[in-house]
Amino acid sequence: MLHALCDNVSLFCDYPKIRKGILDKFFLIIDKVNLLGARHIIFHTGDCPHFKKSGYRHDEFASRFSEHYAEIVQTNIEEFISRA
């Protein structure tokens, strides 16, 4: 088993070029892990973006865009599965 990096990267990232860089980094890790013969990798998804308005207790942004970010992280995980 290998514990992959979690250097403040997030699988919730939806900026195309940054997302590509994050996925490329994880793909490189997957390739190296395959060379080592490890059967399991622990990945951290990172944190979903959230923004709270001053004076508010509830994060409207996270609620409003939760489906969008759920799709992003699901797509990224599917990319991993296709590469594993």
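Computed over heavy atoms, backbone and side chain alike; hydrogens, waters and symmetry mates excluded. FYI, the numbering just counts along the sequence from 1.
Grouping the Ile, Leu, Val, Met, Phe, Trp and Tyr side chains by contacts below 4.5 angstrom, directly or via other members, places Ile42 apart from Leu35. Linking ILVMFWY residues whenever their side-chain heavy atoms come closer than 4.5 Å, directly or via other members, places Ile81 and Ile22 in the same cluster.
Distance check, rounded to the nearest 0.5 Å: CD of Glu79 to CD1 of Ile30 gives 10.0 Å. Atom CG of Asn76 and atom CD of Glu71 lie 12.0 Å apart (nearest 0.5 Å). Taken from CG in Asp14 to OG1 in Thr75, the straight-line distance is 11.0 Å, to the nearest 0.5 Å. We find the CG-CZ distance between Leu23 and Arg19 to be 5.0 Å, quoted to the nearest 0.5 Å.
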Side chain to side chain contact (heavy atoms under 4.5 Å, CB included) between Asp24 and Lys20, intermediate numbers included:
CA-CA 6 Å; Asp24 287 347; Lys20 181 184 179 324; 2.6 Å; yes

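Listed here is the closest heavy atom pair of Pro49 and Phe12: CD-CB, 4.0 Å. Cys13 and Ile18 make their closest contact through SG-CG2, 3.5 Å (heavy atoms, listed as atom of the first residue, atom of the second, distance).
Atom CD of Glu78 has more than 12 neighbouring heavy atoms from other residues, nucleotides or ligands inside a 6.0 Å radius.
The shortest distance between side-chain heavy atoms of Phe26 and Leu11 falls below 4.5 Å. The side-chain heavy atoms of His68 and Ile72, taken from C-beta on, include a pair separated by under 4.5 Å.
Ring pair Tyr69/Phe61 is tilted by interplanar angle, where 30° to 60° counts as tilted.
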